[in-house]
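Please read all numbers here as calculations on a predicted model, not as lab measurements. In what follows, every chain begins at residue 1, and chains take the letters A, B, ... in the order their sequences are listed.
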There are 2 protein chains.
Amino acid sequence: MQRPTVNDIAKEAGVSLATVDRVLNARPGVRARTVVRVNEAIERLGYVRDVAAANLARRRSYRVAFVLPDSRTSFMQALRGAIESAAGLAAFDRTAARIVTVAAFDPTATVRALAGLDGVDGVALMAPETPQVRDAIGRLAQAGTPVVALVSDQPNSARNRFVGINNLAAGRTAAQLVGRFARRPDPTVVVVAGSMMARDQMERRLGFDETMLRFFPGATILPSIEGRDDSDVVAQRLAEALAAHPRVDALYALGAGHRGLVHTLAALGLAGRITVVAHELTPAARAALEDGTIDAVITQDVGHIARSTLRVLRAAIDGTPLDPGQEQIRIEILLRENLPPAG
Amino acid sequence: MQRPTVNDIAKEAGVSLATVDRVLNARPGVRARTVVRVNEAIERLGYVRDVAAANLARRRSYRVAFVLPDSRTSFMQALRGAIESAAGLAAFDRTAARIVTVAAFDPTATVRALAGLDGVDGVALMAPETPQVRDAIGRLAQAGTPVVALVSDQPNSARNRFVGINNLAAGRTAAQLVGRFARRPDPTVVVVAGSMMARDQMERRLGFDETMLRFFPGATILPSIEGRDDSDVVAQRLAEALAAHPRVDALYALGAGHRGLVHTLAALGLAGRITVVAHELTPAARAALEDGTIDAVITQDVGHIARSTLRVLRAAIDGTPLDPGQEQIRIEILLRENLPPAG
DNA sequence: TGCGAAATGAGGGGCGTACCTCAGAAAAGC
DNA sequence: GCTTTTCTGAGGTACGCCCCTCATTTCGCA
């Protein structure tokens, strides 16, 4: 009992192959009555189109472009690496991915990059949300090119989908961890902000404040530090803040610059004595988690993001269904104990 | 600039199509020198075999069997559901999965089921570890049928791979959460054991004890409760234990029976007053997490397990490479704040 | 040097689908 | 009734690869 093919449908429906083909591919020139008969036959036989064969015949290939900021944080490096690796394996499925790098925080450059994409069937974009970018996404969508927003969402745009975590929820999770892990019931907390993707960090901050206020109303949250996602800046400003407030119990790092943070804590002899929750599993964060400087890391799996993006784009390109559970990017909480193996 | 095909390789290497084919499919009858030339051409052109076309021509389909215990815990139901759903989507990739149910804890029945599989290209097995089962796996492997162990490992067997989490690490993670979330520094802890898969629960217990001893040496761990993975049993024995030890601070549930646990805590007015860490995101656990009865859930994504198993088996069947990162099942920590959307 | 064996070339048929053309049949309009 | 339009059938070619057969060439070795 092999799976049925177009030929079986033709026989079952009592029509010719050509007609079945017309119905399957929604080509004109078939009476409504006949369409129904064919569809009934398809139903009866449980026919599922062989996508592989179809794509072969269509000689379709998927050309996908990733438009990413030229930021050099560990997270971005990891993301780029994950995309390259996922693209390497996707080559087996006739998918070719290209990475286009754009000056961070430069909407004009981003728009130019988006407009300059030629011969591309789908686009993944990580960029701050601005009106110009939103319009550029609209133009791509208009032209039938699906667009997914990566890591930082582009709401109110014509993007097909967002691949990334809910940063509001991530911030809430961080708050719960900070509040519960802190040694004192009414902790004093320092927030180290970054800047990179304005939107996601803002959302994390919002969620953090909300949950702190609700569950740990006795906590004191000091004015946040602008670390600019730069380890040196983080190191210096954090040192200043800790000098000014000797009784800090916890640290929440919602941006990049883990190396600077770790460095300052070690220098002040505070490693392991202050509760630290940070975002993204960078090499520095992993090491700090292992030696106890950082207590918990909240992260999104860049490998998952890369693979999910490719799947989502492919599905959008040829209208295949998706498994929603598979595309849900998790807000992962990592302690020293559940750290996945390196590499 | 299309991607190169076998014809391009033939031209580039200065050999015929037949020879390229022999090399690609490792068929005999090609001089070593020629093999090298062909491989160089492949390298030079960056050829990647079109797996879809290859499988089409081979008219290969993947018939996979899942051998599962007939246990009716929520976790098993979720796992079955995930497998069915993954199998539904895998139909597009000419993969047909079948679920074979076997009496739990019956090695003979398991062995019989494994031996009775006909016309199957790969097997996924979830069963307690026994010598008979190990031998049955060996026979399958001997016959060239890849086997993966699901959820509970079968070490020292000829299984191709284990798809599931490191339960030792999961137990350690639970200990860290219990120790840190408990309201008292030297908490009294009750462990609710199950029984289902002897091996994984034992490992969790080991990891839990190890980490409690190391990081929270002041903690008191009471004799564990044998819940038999049954809500009614859990409910009753837990009530007895809590009556006997009124000063319990934390609960670690490493098996099934969440409904019973929640019920007893509610009945005693202890919901939200005792720190509770449990395994697996069942509907009861989700609800308890949301209303604060359970503080943290440690879980493994059944959808991921199902999909990963199918990918691993397919890769084993036709020798395709795998993305190791993609097949790493995470030890997920879920709080109320980072609960993935239901469904 | 010649011989058998090994290596290679040439070609065909097929997998399940897409897409094209052209002739003929059925339906619609007058 | 007729013509005109709309449907339908038949058949071919192609996609990239697998697998088979049957010559023909090249090689290793006595």
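For the pair B/Arg330 (side chain) and A/Pro340 (backbone), a donor-acceptor distance under 3.5 Å is absent.
When rounded to the nearest whole Å, the span between CG of A/Asp50 and P of D/dC15 equals 18 Å. Rounded to a whole Å, the CZ atom of A/Arg94 is 11 Å from the P atom of D/dC15.
Bracketed by its first and final contacts, the part of DNA chain C lying under 4.0 Å from non-hydrogen atoms of chain B reaches from C/dA7 to C/dG16 in 5' to 3' order.
A side-chain donor from one of B/Asn55 and B/Tyr62 sits under 3.5 Å from a side-chain acceptor of the other. Residues B/Glu327 and B/Ser308 have side chains that bring a donor and an acceptor to within less than 3.5 angstrom of each other. Checked by atom type, the side-chain pair A/Ser61/B/Arg3 shows no donor-acceptor distance below 3.5 Å. In the model, A/Arg49 has a side-chain atom that pairs as donor or acceptor with a side-chain atom of A/Asn25 under 3.5 Å.
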Per-nucleotide protein contact string for nucleotides 23-30 of chain D, where B marks a base within reach and S marks sugar-phosphate only (heavy atoms under 4.0 Å, - for neither): ----S---

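Shown here for A/Met126 and A/Pro69, the closest heavy-atom pair between the two residues is O-CD, 3.3 Å. Across all their heavy atoms, A/Pro107 and A/Gln132 have their closest contact at CB-NE2, 3.8 Å. The shortest heavy-atom contact between B/Leu150 and B/Phe162 is C-CE1, 4.2 Å.
Within a 6.0 Å radius of CZ in A/Arg72, no more than 12 heavy atoms belonging to other residues, nucleotides or ligands are found.
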Show me the donor-acceptor pairs within less than 3.5 Å that the side chains of residues 133-149 of chain B make with the rest of the protein, sequence neighbours left out.
none

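A rotation axis mapping the C1' atoms of four pairs onto the next four is fitted at both ends of the helix from C/dT1-D/dA30 to C/dA23-D/dT8 over five pairs, and the angle between these axes is 30° to 10 degrees.
The residue B/Val15 sits close only to the backbone: its heavy atoms come under 4.0 Å of sugar-phosphate atoms, none of a base.
Qualifying side-chain hydrogen bond (donor to acceptor under 3.5 Å, both in side chains) partners for B/Glu84, counting only residues two or more places apart in sequence or in other chains: none.
Using a cutoff of 4.0 Å between basic side-chain nitrogens and carboxylate oxygens, B/Arg307 and A/Asp323 are scored as salt-bridged. Ion pairing of A/Arg159 with A/Asp153 is present here, as a side-chain N (NZ or NE/NH1/NH2) and a carboxylate O approach within less than 4.0 Å.
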Any protein N or O atoms within reach of nucleotides 18-22 of chain D? Criterion: under 3.5 Å, listing atom names and distances.
| from | atom 1 | to | atom 2 | distance (Å) |
| --- | --- | --- | --- | --- |
| D/dC18 | OP1 | B/Asn25 | OD1 | 3.3 |
| D/dC18 | OP1 | B/Arg49 | NE | 2.9 |
| D/dC18 | OP1 | B/Arg49 | NH2 | 2.9 |
| D/dC18 | OP2 | B/Asn25 | ND2 | 3.4 |
| D/dC19 | OP2 | B/Arg27 | NH1 | 3.0 |

